[in-house]
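Report on the structure given below.
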Protein chains: 2
Amino acid sequence: MAHPLDKVAIAGIGSTEFSKNSGRSEMQLAAECVKAALDDAGLSPADVDGMVTFTIDNNEDVALVRNLGVKELSYSSRIPHGGGGSGGSIVHAAGAIAAGLADTVVVWRAMNERSEYRFGQATNPGAVAPGGGATGMEWAVPWGAATPACWQAMFSHRYMTEYGVTNEDLAHISVLMRKHAVNNPNAFGYQSPITIDDHQNSRWIIEPVLRLLDCCQESDGGQAFVLTSLERARDLQQPPVRITAGAQSVPYPIDAITNFYQDDFTDMLSTVGMAKQLYERSGVGPADIQVAMLYDHFSPIILQHLEGWGFCAKGEAMDFVKDGHCELDGSLPVNPNGGLIGEAYIHGLNSAAEGVRQIRGTAINQIANVEHVAFSSGMTGLIFGHG
Amino acid sequence: MAHPLDKVAIAGIGSTEFSKNSGRSEMQLAAECVKAALDDAGLSPADVDGMVTFTIDNNEDVALVRNLGVKELSYSSRIPHGGGGSGGSIVHAAGAIAAGLADTVVVWRAMNERSEYRFGQATNPGAVAPGGGATGMEWAVPWGAATPACWQAMFSHRYMTEYGVTNEDLAHISVLMRKHAVNNPNAFGYQSPITIDDHQNSRWIIEPVLRLLDCCQESDGGQAFVLTSLERARDLQQPPVRITAGAQSVPYPIDAITNFYQDDFTDMLSTVGMAKQLYERSGVGPADIQVAMLYDHFSPIILQHLEGWGFCAKGEAMDFVKDGHCELDGSLPVNPNGGLIGEAYIHGLNSAAEGVRQIRGTAINQIANVEHVAFSSGMTGLIFGHG
C-alpha cells in the first residue's frame, strides 16, 4: 500500500534573490518568497490554510498571514533541529495534508543570515534556542568550538582519518559544486569557477579539515514551497511533484549540532535511519534515483550523505566523487544547481527547490530522464517523483 | 466520511506533581511525565517514535530521547503560539499518526514556570521567541503592558464593557474553579475553597478587569500524553480516548498574545474558527458535549470560550455561568478538576489530561455519561470521545 504522503504534491516554488545583504526585513523576504511560490502554483494567499517554518525562523506566521492576505490557517507548525531538520518542514506540511488538517500548506525559510547575523561566527543565538537540537554546547563552546564549522570538523575529522580523506581530496567536492553553479545566475558561484589550487590556497577555517572554500555561502534570502493534494495539484499550472516519500530520523545517540555521542563518527546515523524509512515507504531504492540534492553546509558531509543513502559503499564516497559519478553527466549528479556551497545557503531549502525543478524538467543544468530526486538535509529527507 | 484523526487515540497520560518549586530540572520533569504517560499506557520508551512539544519548551527532544532510552524518532515537531496553541501539540501528534509518519507519539510540556522564571512577570523571554505569535510587543510593552495579565485585560475589557460584566461577576468563575479543585489532591486549590468576598478582597492585578484570584496558578510541573492508532490503543491497558476531532485556527486578524488587531474584541475569532472546523470534521455539535475543558489562564476568557464553541449565545456567557450551567451538576460542567485557576498551569495541557480522565470515567469529579469532551486552548482544540 502506498504511503499516505504519496498522495501529496509540491505545486509551487518561489524564492527571493540570494545575496549578502538583502536590504530589507526577514518578514519582507518571507512574504516575497511565499507570494512567488503561490504565483508559481497559480494560487493566491486566500487559498493558503497551513504554514510551516523552522523553530528558529524569526518571522511570526500570524504576521505573515496578515501581510499576505491569508484568510485563516488551520495548520501552523515549526520544525526543530535547524538545517538538519530543514526537509522536515516539507515532510510535516505533506503530513498535514495527508491527515486532513489543511489543504494548501506553504513552507518557508527566510533570513538575513549574512547581513543581520552570521551562523559562521561564534555568536549564534539560533543554535541554542529551544529546538536547535544541541545539548552539548557547554562541553564544546568554552574550549573554542563555538561555530558550525568547528562542530562539523570535529565530526568529519574522524571519518577522514578512518578512510584516508585529506583536505585536498575535499577540494574535488567544492570544485564540483562551483562548477555546477557557473551557469546558474541565481548562484553566488555564477561565472566564477574555482580550481583545486584556489581551494588549497584558501585560508584554513578549521585545520586540518575545512578551508574557506569548503564552507557554504552565508546568505540573505527566502525560499518557499506550496503543497497540496496530488489530485488538486494536477489541476494547477505546474506539473505536480509528488512526495514519493518523506522521513525524519532522530536515532538514540544523535545531536543536531554538537553531535559527538555516537560510538562511530563515520556513520551519519540519522541519514542512515531516514534513508531506510524512505526506501521502505516508497519501494524506491538508490538505483532508482537520478539526482541527489545533498545538504552541503560543509564539503565533507557530502561523503556521509552518499554513504547514508547507499549510493556507494561505506568509505568509498571520496572515490565515488573523484571518479566523476556526481558530475552532471555522471551516474548520480549531485546538486546540479551548485548546492549550498555554489548557489546559496537558505538553510537547505534552496536545494529542495532545485529537486523540484529537476522533476519538472526546468532546471538550468537539467539532468535527462529524471524519475526520482533524493533530497537530504541529514536528519530529514524526501524522495520527489512525478505526479 | 470520518476525518483521519478519528482513527487516532490517546493511550496514556502522565504528569509530575504540580508545585511552586519542583526542585529539579525541566528535563527531569519532562522525562518523568513522559515515563508516567508510557507506564499508564503500558508502553516503554523503546516504543516511542514521535515527539511533539511547544516551541518555547526548553527541553531538547534529542536529549529526552537519550534520557528515556528511545531508539529512534521518525517524527519531531514543535507547535507555536504558546498556551493558545497548546492543544495543537496533540492535534499534530494525531496528524503524524494519521499520515503514517509515526506510530507512537508522545506530547509533553515541562516547565519550572514558577521557580525558574515567571510568565506573570514582565520579563518573559518565551513570549517573544520565534513562534510566540506576538507581533505587537513594541506597541504594548513600552507603555507598561508587559505581562499576559495586561494583554488579556486589554482584550477582555472590551467584552466586559459591551456586555456589562464586572469584576465582581468574574468572581463567580474563580469561585467555581476553586470549588471544583477542593477535592483534587493534585490541585493548588485542594481543600481551600474561596468566596466571592475572598475574590473581591484580593488585590488588583489590572484594574478594573483582573484581581489576583482571576489569575491561574504559576506552576512548576510536567504533563505528557501518548498517542497511537485507535486500533492499537484498543490492545493497550487503558480504555482508548478517541481524537473525535482536532483543529487549529489562525484567522486573518489574530495575534496569539498581543491580540489587538480584530474589528470586534468581543469575539475570540480563533476559537470560533476552530470550533467550526471541529464540528464540521466530527458531526458532533455543542449539544453532544458533556464536559468542557476551557483554557482559563484568566477568568474572563472562559466567557469567550463558551460563546466561541456555541455553548451559549453571544453576550450570555456570564449569565450561563451564574445560572449554574458550568457546575458539576449543571448542563455543561466546565473544568471539573479546577482548571488552570484551581488545579495548576502546565500551559494548558493538564486540562487536556482531565478531558481524557472524563472520557475514561476515572476523574475525581467524574461527570456521569460522558460521551464527548471539548478541550479548548483558544487557537487550538479537540473533541475527545470513546474509542
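All chains are named by letter (A, B, ...) in the order of the sequence lines, taking the proteins before the strands, and each is independently numbered beginning at 1. A quick note: this is a predicted structure, and the numbers were derived from the prediction, not measured.
When each of A:G131, A:G69, A:S270, A:A98 is checked for heavy-atom pairs under 4.5 Å with chain B, A:G131 comes out on top. Of the listed residues A:L73, A:T380, A:V62, A:D61, the one with more heavy-atom pairs under 4.5 angstrom with chain B than any other is A:L73. Residue with the most contacts toward chain B among A:A63, A:G88, A:A99: A:A99 (heavy-atom pairs, distance under 4.5 Å). The choice from A:Q248, A:M274, A:M379, A:Q277 that makes the most heavy-atom pairs within less than 4.5 Å of chain B is A:Q248. Put simply, of B:A94, B:S76, B:G100, the one with the most heavy-atom pairs under 4.5 Å next to chain A is B:S76.
Counting only N and O atoms by type, the side chains of B:S376 and B:W309 include a donor and acceptor under 3.5 Å apart. Side-chain atoms of A:R281 and A:T244 include no donor-acceptor pair closer than 3.5 Å. Side-chain contact of A:W108 with A:D57: a donor-acceptor pair under 3.5 Å is present, judged by distance alone. The closest side-chain donor-acceptor pair between A:N59 and A:E26, if any, does not fall under 3.5 angstrom. Residues B:H347 and B:Q223 have side chains that never bring a donor and an acceptor to within less than 3.5 angstrom of each other. A donor and an acceptor atom, one from each side chain of B:E72 and A:S249, are located under 3.5 Å apart.
The parts of B:L101 that come within reach of chain A are both its backbone and its side chain, each placing non-hydrogen atoms under 4.5 angstrom from that chain. Using a 4.5 Å cut-off between heavy atoms, B:A96 does not touch chain A at all. Heavy atoms of A:V91 lying under 4.5 Å from chain B belong to its backbone as well as its side chain. For A:Y261, the part lying near chain B is the side chain, with the backbone staying farther off; criterion is any non-hydrogen pair under 4.5 Å. Residue contact with chain A, scored on non-hydrogen atoms closer than 4.5 Å, involves the backbone of B:V70 exclusively.
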B:D6 vs B:R242, test: salt bridge (charged side-chain N to carboxylate O under 4.0 Å, His left out). Steps then yes/no. CA-CA 6 Å; B:D6 186 53; B:R242 184 195 296 262; 3.3 Å; yes
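The side chain to side chain donor-acceptor pair (under 3.5 Å) search around B:E231 returns none, not counting sequence neighbours. Residues meeting the side chain to side chain donor-acceptor pair (under 3.5 Å) test with A:D255, sequence neighbours left out: A:T135, A:T258, B:R66. Applying the side chain to side chain contact (heavy atoms under 4.5 Å, CB included) rule to B:A102 yields the partners B:D49, B:S74, B:Y75, B:V105; only residues at least two apart in sequence or on another chain are considered.
Distance CD1/A:I254 to CG/A:N259: 4.0 Å, rounded to 0.5 Å.
Residues of residues 78-87 of chain A that come within less than 4.5 angstrom of chain B, heavy atom to heavy atom, are A:R78, A:P80, A:H81 in numerical order.
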